[in-house]
**Student:** 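For reference, the structure I am asking about is given below.
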Amino acid sequence: MVLTTLWVQVPPRPPRKHMKTNYYITTSIPYLNGQPHLGHALEFVMADVLARSARQNGHPTIFSTGTDEHGAKVAQAAAAHKMTPQAYCDHMSLEFKHLLKLLDVSADRFVRTTDSNHEKRAKLIWEALSKDIYRDKYTGWYDVKQEEFIPVGKADPERMKPDHPQAYQRLEEENYFFKLSKYTGRIKEAIVSNAFQIYPLTRRNEILSLLDEGLEDISISRPKDQLEWGISVPDDTSQVMYVWVEALMNYITVLNYPEGNDFKDFWPANVQVVGKDILRFHGAIWPAMLMSLGLSLPKALYVHGFITVGGQTMSKSTGNGIHPKEIINKYGLDAFRYYFLRHIPSYDDGDFSWETFDAAYNNELANELGNAVQRTVVMIEKYQDSVIGDIPPSSHDTAAITKAIEVCKFDRALDEIWQQVRGLNQYIDEEKPWQIAATDDKAHLQEVLAYQVSCLIEIADLLTPFLPGTAAKIKAIFESEKVKPLATTLFPKLEVPKER
Ligand code: MSP
């Protein structure tokens, strides 16, 4: 065949500076051994703020979440429900999908670790890791609750007792090991240099001290005669992959690693959102796997704290687990999102109680935000026959809010936005438009009311990633020449029951 060179006029690429960088965000993928709870909701909503904020800033975004379906814990839960693991997972996975919908979480991807695409690509990853995999004997404990191998020296003696409600399993088995120890130094370097950022600092320090102790190689498979519910190890059907190692792979299987365009265009993730109990998996094991694969580490890992209810850990035995639905049915979705983003500290543990929820709802949402909107609407209707007039451009410095979102301080960002809400109410109290209306100075009145509208539109913009429904409602009120009042107030005041 004769190859001829064709000189084709290629249109110039658009200048890169106008193209926004891609943004990839993930949550951890919950186990399916129980109903979704407030902790899962918190994580979904926090990640949603980052995804919505990236999209608002024009970044092409992929936001991925899903469910972690293999392993002993899920297999046991299925057996307790007298279901096959697959049928049980099909059912439970839907519960999480419903929760995402209920929370208006804008996830673009939902990976199930039982998906054939995940399974196929997990095997490819295993093969790509093979230079760091070897066979050995594991003798020690296994914690089904955390799906974790517990080396002898680190085991809690109480849980070694077989009658303990969360007794460990004693294991003596052949399995595959991963050379985690080999990566200790490089992971540390990536964290110290901030190539791999970990927020907050306390969690960064925690992982650094773990690295200082040195990482040990870990088991990454289970014999099939001990646990069937998992993905088979390539070329060895007598073993299944350890659920954690396989679940971590979801972050790239969902992008169609290795050949998929999404993988090429969106990895490394900008932020991976996880809870504090799974820091070691995401701050040590996952980075080591990525290094072994020759891939970049995520740019940042954000580690949120734990929610307690009325000061107590949520658990089945205390019966204090609250389904997010209960709260949303009572207060509405945006009140839910607001409370968990502002009143659960972004960098620490936090408590939910109905009392603090009532107070935040009535004082901050109804009295402060709701009122600022309501007063403005009513005055424009009353004094200007609903005509808004020319709205001046917004003039507040929002750098602190942008920075807070960048470092996942959602509580801080909302504090800052609320400064603006309070500032607006104060402005109205000081300007007293109702007094101006009693004079003939229509131009001044128009100016004051238009400024109020400008502030509210700016607040709505700032609130868009946090309270998308409320932000859209506020914008809709002021989007035309005349105000379009809402059928009901944004946050109707609630009667607080006396017994609380
Ligand atoms: N399946 C693993 C994650 C695998 S990621 C590759 C897992 N699942 S989980 O269902 O136990 O937890 C899912 C997320 O919920 C984790 O980030 C965990 O920290 C978070 N939470 C679980 N309980 C929580 C609270 N009480 N409060 C806040 N978040 C908590 O771990």
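When a ligand or atom number is given, it counts from 1 through the structure's own listing order. Only a predicted model underlies this, so the values are computations on that prediction, with no experimental measurement involved. Index from 1, following the sequence.
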**Student:** What protein heavy atom lies closest to atom 30 (C) of ligand 1? Include the residue and the distance to one decimal.
**Tutor:**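 Closest protein heavy atom to atom 30 (C) of ligand 1: F306 CE1, 3.6 Å.
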**Student:** Side chain, backbone, both or neither: which part of F281 has a heavy atom under 4.0 Å from ligand 1?
**Tutor:**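 Neither; nothing of F281 gets under 4.0 Å from ligand 1.
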**Student:** Quick one: sort the W244 and F281 rings into parallel, tilted or perpendicular, breaks at 30° and 60°.
**Tutor:**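 Aromatic pair W244/F281 classed parallel.
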**Student:** How close does the nearest protein non-hydrogen atom get to atom 27 (N) of ligand 1, and which residue and atom is it?
**Tutor:**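 Protein heavy atom with the smallest distance to atom 27 (N) of ligand 1: I307 N, 2.9 Å.
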**Student:** Parallel, tilted or perpendicular, judged at 30° and 60°: which one describes the rings of F263 and W267?
**Tutor:**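 Rings of F263 and W267: parallel, as their planes differ by under 30°.
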**Student:** Side chain, backbone, both or neither: which part of H304 has a heavy atom under 4.0 Å from ligand 1?
**Tutor:**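 The answer is the side chain.
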**Student:** With heavy atoms of D68 as the reference, note each atom of ligand 1 found under 4.0 Å away.
**Tutor:**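 Those qualifying, in numeric order: 1 (N), 2 (C), 4 (C).
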**Student:** For Y199 together with Y302, are the ring centres under 6.0 Å from each other?
**Tutor:**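 That pair fails the under 6.0 Å test.
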**Student:** So, H282 versus Y251, ring centres under 6.0 angstrom or not?
**Tutor:**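 Ring centroids of H282 and Y251 are less than 6.0 Å from each other.
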**Student:** Counting non-hydrogen protein atoms only, what is the nearest one to atom 31 (O) of ligand 1? Give residue, atom name and distance.
**Tutor:**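 Protein heavy atom at minimum distance: I278 CG2, 3.6 Å.
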**Student:** Regarding K403 and E406, does a basic nitrogen lie under 4.0 Å from an acidic carboxylate oxygen?
**Tutor:**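 So K403 pairs with E406 through a salt bridge.
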**Student:** For the pair D48 and R337, find out whether any cationic side-chain nitrogen is under 4.0 Å from an anionic carboxylate oxygen.
**Tutor:**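 Looking at R337 together with D48, the answer is yes, because their closest N to O distance falls below 4.0 Å.
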**Student:** Nearest to atom 13 (C) of ligand 1, what protein heavy atom do you find, and at what distance?
**Tutor:**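 Ranked first by proximity to atom 13 (C) of ligand 1 is S28 OG, 3.5 Å.
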**Student:** Around atom 23 (N) of ligand 1, find the nearest protein heavy atom and jot down its residue, atom name and distance.
**Tutor:**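 I find the closest protein heavy atom is H37 CE1, 3.3 Å.
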**Student:** Ignoring angles and geometry beyond distance, decide whether Y31 reaches within less than 3.5 Å of ligand 1 through its nitrogen or oxygen atoms.
**Tutor:**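 Between Y31 and ligand 1 (N or O atoms, distance only) the closest approach is under 3.5 Å.
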**Student:** Identify which of Q146, E43, Q272, H282 has a heavy atom lying nearest to atom 16 (C) of ligand 1.
**Tutor:**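 Going through Q146, E43, Q272, H282 one by one, E43 has the nearest heavy atom to atom 16 (C) of ligand 1.
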**Student:** Any side-chain heavy-atom pair from Y24 and T61 closer than 4.5 angstrom?
**Tutor:**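 A side-chain contact is absent here, since even the closest heavy-atom pair is not under 4.5 Å.
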**Student:** Using a strict threshold of under 4.0 Å (side-chain N to carboxylate O), is an ion pair present between E368 and R422?
**Tutor:**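 A salt bridge is present here (some side-chain N lies under 4.0 Å from a carboxylate O).
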**Student:** Geometry only, no angles: is G275 polar-contacting ligand 1 at N/O separations under 3.5 Å?
**Tutor:**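 Yes, G275 has an N/O under 3.5 Å of an N/O on ligand 1.
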**Student:** Answer yes or no: is there an ion pair linking K182 with D217, defined by an N-O contact shorter than 4.0 Å?
**Tutor:**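 Between D217 and K182 there is no salt bridge, as every charged N stays at least 4.0 Å from the carboxylate O atoms.
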**Student:** Backbone or side chain, does any N or O of I29 fall under 3.5 Å from an N or O of ligand 1?
**Tutor:**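 Yes.
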**Student:** Between ligand 1 and E147, can you find any atom pair, the residue atom being a heavy atom, that is separated by under 4.0 Å?
**Tutor:**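 False for this residue.
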**Student:** N/O of K73 under 3.5 Å from N/O of ligand 1, yes or no?
**Tutor:**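 No.
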**Student:** Looking at G305, which atoms of ligand 1 are within less than 4.0 Å of one of its heavy atoms?
**Tutor:**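 Counting atoms of ligand 1 from 1, those under 4.0 Å from G305 are 28 (C), 29 (N).
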**Student:** Please find out if less than 6.0 Å separates the ring center of F149 from that of Y138.
**Tutor:**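 Close enough - the centres of the two rings lie under 6.0 Å apart.
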**Student:** Show the atoms of ligand 1 that are less than 4.0 angstrom away from any heavy atom in M314.
**Tutor:**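 Listed by number with element: 26 (N).
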**Student:** Angle class for the F44/F96 ring planes (parallel below 30°, perpendicular above 60°, tilted otherwise)?
**Tutor:**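 Perpendicular: the ring planes of F44 and F96 meet at over 60°.
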**Student:** Flag D277 as yes when one of its N or O atoms lies below 3.5 Å from any N or O atom of ligand 1, and as no otherwise.
**Tutor:**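 Among all N and O atoms of D277, at least one is under 3.5 Å from an N or O of ligand 1.
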**Student:** Heavy-atom contact under 4.0 Å between G34 and ligand 1?
**Tutor:**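 G34: no contact with ligand 1 (<4.0 Å).
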**Student:** Got a salt bridge between E206 and K276, using NZ or NE/NH1/NH2 to carboxylate O under 4.0 Å?
**Tutor:**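 No salt bridge links E206 with K276.
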**Student:** Return the closest protein heavy atom for atom 6 (C) of ligand 1 as residue, atom name and distance.
**Tutor:**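 Sorting protein heavy atoms by distance from atom 6 (C) of ligand 1 puts Y251 OH, 3.5 Å first.
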**Student:** Heavy atom of W244 under 4.0 Å from ligand 1?
**Tutor:**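 Heavy atoms of W244 do come under 4.0 Å of ligand 1.
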**Student:** Parallel under 30°, tilted from 30 to 60°, perpendicular over 60°: which one fits the rings of F340 and F352?
**Tutor:**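 Parallel, since the angle between the ring planes stays under 30°.
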**Student:** What atoms of ligand 1 come closer than 4.0 angstrom to any heavy atom of G39?
**Tutor:**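 The list of qualifying atoms is 24 (C), 25 (C), 27 (N), 28 (C), 29 (N), 30 (C).
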**Student:** Run the numbers for me: atoms of ligand 1, each under 4.0 Å from some heavy atom of A247, listed by number.
**Tutor:**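 Going through ligand 1 atom by atom, the ones under 4.0 Å from A247 are 6 (C).
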**Student:** Hey, do the aromatic rings of Y338 and W418 have their centres closer than 6.0 Å?
**Tutor:**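 Y338 vs W418: aromatic centres under 6.0 Å.
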**Student:** To which protein heavy atom is atom 12 (O) of ligand 1 closest, and what is the distance rounded to 0.1 Å?
**Tutor:**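 Ranking protein heavy atoms by distance from atom 12 (O) of ligand 1, first comes H40 NE2, 4.1 Å.
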